[in-house]
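Contents: one structure, followed by commentary.
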Number of protein chains: 4
Amino acid sequence: MAGSVNKVILVGNLGRDPEIRTLNNGEKVANLSLATSEQWRDKSTGERKEKTEWHRVVVFNDNIVKVVENYLKKGSTIYVEGSLQTRKWTDQQGVEKYSTEIVIQRFNGQLTMLGGRDGGGSSGGGPRDDDYSSGFSTGGANKPSGPRESYDLNDDIPF
Amino acid sequence: MAGSVNKVILVGNLGRDPEIRTLNNGEKVANLSLATSEQWRDKSTGERKEKTEWHRVVVFNDNIVKVVENYLKKGSTIYVEGSLQTRKWTDQQGVEKYSTEIVIQRFNGQLTMLGGRDGGGSSGGGPRDDDYSSGFSTGGANKPSGPRESYDLNDDIPF
Amino acid sequence: MAGSVNKVILVGNLGRDPEIRTLNNGEKVANLSLATSEQWRDKSTGERKEKTEWHRVVVFNDNIVKVVENYLKKGSTIYVEGSLQTRKWTDQQGVEKYSTEIVIQRFNGQLTMLGGRDGGGSSGGGPRDDDYSSGFSTGGANKPSGPRESYDLNDDIPF
Amino acid sequence: MAGSVNKVILVGNLGRDPEIRTLNNGEKVANLSLATSEQWRDKSTGERKEKTEWHRVVVFNDNIVKVVENYLKKGSTIYVEGSLQTRKWTDQQGVEKYSTEIVIQRFNGQLTMLGGRDGGGSSGGGPRDDDYSSGFSTGGANKPSGPRESYDLNDDIPF
DNA sequence: TTTT
DNA sequence: TTTT
């Protein structure tokens, strides 16, 4: 196909602490649940309205996973840049399901902390409030091998 | 919630002709099936790979719906800007399903034709190949009258 | 020209309080000085580096100008979306100069407050910390009534 | 400073053939002159108007420079993603000047060919019309060392 | 289902 | 200086 572009840009808050999983090959993957919301005033009734959208963000980029592990938690405000990917999976009843995620691959995407609420988590320790910005960076010896061919997230329960 | 951002930017091709539906209130809505794809060379095997992602784009913006109706068809290359929205629905077996779409609302989003293949469809009629660019427009009879033609900022001292 | 796209997305902090000017026709224009910065570690010396970029943002969109007037000040963190525009002007010595700005027109662009430092300004009054998000709005008295609700065509006269 | 974002997204056409320069260290840099334009109809007079904006794009990313060298020419339509940078320089009369450019650094940015007119240039040779998409890719053992500092050429073979 |  |  001629050149194409697949880019998602979100600024929002984490609805819960990130989940970090370790793949069979030792690599870590972070899953974020990110909320964005719109407010508006209903013209007819005049009342304030708000609609929240929840996004599933999956991070494969090593350096960004480290940032997620060390700095993010429920309530964190972040800027995220990734690409859309729809995954097909089969639930325990054998029903086919689809889950659309914002994916930050090894060699693209960005995640920037923007501060935000101090979280309500009980966790007290750990680094925090140190602003940290991480691009696609990564490096390491591995080249981009393309769009992460197979990885087992099939037992995830999409949001 | 603090200000948030929910933005998707895609450049790709239509997999089929757009579908236009008319709502009860007379408004039209356009549905697009847009493909983006990535190519890469497998590091180990050296072979070329390609992965295509399909996106559901839903257009509520009137002016953009008109562009879709009049100019787009299977194979068209477009730039699209909208926001992510996940819809819950129940299929005929009563199973809950989720569908994530790129939505171009009445007052946001953008769609720009970028040309692309002349389509392979047998359909011959209708306007075509006329490049046309439509922003969020505004709807109705009034369009933005353009990029702020003249204004005196000349005595500003740029940074 | 075939469809084109001209879009800038910035997240950064205001270097000083916004400047609001009133044009001859009574419209207001806001000027912002926005900083973005990059940090990295020098590979050879190992020392931390930082480079700050300053952006001139000009807001013509009425609703966004109101937000700027009422909520922004030195130190505010904002998300801004606009388009690039280079202006030619002549300084007092008669030398031609160029200034490139990020412009938020009446019918496009976005500005979202993201909180940030409480500013260092001595000014104490004025609204603050009330998170506020403003899209391209529409100008005039009518705002977009939100995501996919009913709405009336607006009878705004765009500039 | 807290995390910041500095991103420019353009779709437009090259006004002339790219210029490739070789730095002292042997690295190549590409300069592009990219046009974006807006059309609208003047409300009062009813006449069609068009305003073209010219952007200076500077490419440091090796792989993208190769694409530019091999595939782009006057008239090419491209998608470009980079960051804003304002450079200060002194002209031959000793006058300080500023130039704002869209920079594609070694480890970020994107350039995607979107086809476009076949160019009118007299140049006949060279690859052409082969759509080619290049991300920041690279990787290798070298990490991003920041904005435009010293770095090593990587010997990756782009896909 | 597109495109190369 | 491009493009329509």
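Chain naming here is simple, since letters A, B, ... match the order of the sequence lines and numbering starts at 1 in each.
- For D:Met113 and F:dT2, the CE to P distance is 18 Å, given to the nearest whole Å.
- If you measure from atom NZ of D:Lys49 to atom P of F:dT4, you get 22 Å, rounded to the nearest angstrom.
- Side-chain to base pairing of D:Thr77 with F:dT2: no donor and acceptor N or O lie closer than 3.5 Å to each other.
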Problem set entry | Derivation and outcome, side chain to side chain donor-acceptor pair (under 3.5 Å), residues C:Ser83 and C:Gln85 | CA-CA 6 Å; C:Ser83 54; C:Gln85 210 162 101; 5.0 Å; no
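- Per the geometry, CD1 belonging to D:Ile78 stands 11 Å off C1' belonging to F:dT2, to the nearest Å.
- A distance of 12.0 Å separates CG in D:Asn63 from CD1 in D:Ile104, rounded to the nearest 0.5 Å.
- Whole-Å rounding puts the D:His55 NE2 to F:dT2 P distance at 15 Å.
- Counting distance only, with no hydrogens placed and no angle test, the side-chain atoms of D:Ser37 and the base atoms of F:dT2 include no donor-acceptor pair under 3.5 Å.
- The CG atom of D:Leu34 sits 16 Å away from the P atom of F:dT1 (whole-angstrom rounding).
- Going from atom CZ of B:Arg16 over to atom C1' of E:dT2 covers 11 Å, rounded to whole Å.
- At whole-Å resolution of the value, CG in B:Asn13 and P in E:dT2 are 10 Å apart.
- Note that the OG1 atom of B:Thr36 and the CD1 atom of B:Ile9 stand 13.0 Å from one another [nearest 0.5 Å].
- Of the candidate nucleotides E:dT1, F:dT2, E:dT2, E:dT2 has the atom lying nearest to any side-chain atom of B:Ala35.
- With E:dT4, E:dT1, F:dT2 as the candidates, the nucleotide lying closest to the side chain of B:Glu50 is E:dT4.
- Across F:dT2, F:dT1, E:dT1, the shortest atom-to-atom separation from the side chain of D:Thr52 is found for F:dT2.
- Checking A:Val8, A:Thr100, A:Leu84 one by one against B:Ile102, the side chain to side chain contact (heavy atoms under 4.5 Å, CB included) holds for a single residue, A:Leu84.
- In this structure, B:Tyr79 places its OH atom 20 Å from C1' of E:dT2, rounding to the nearest Å.
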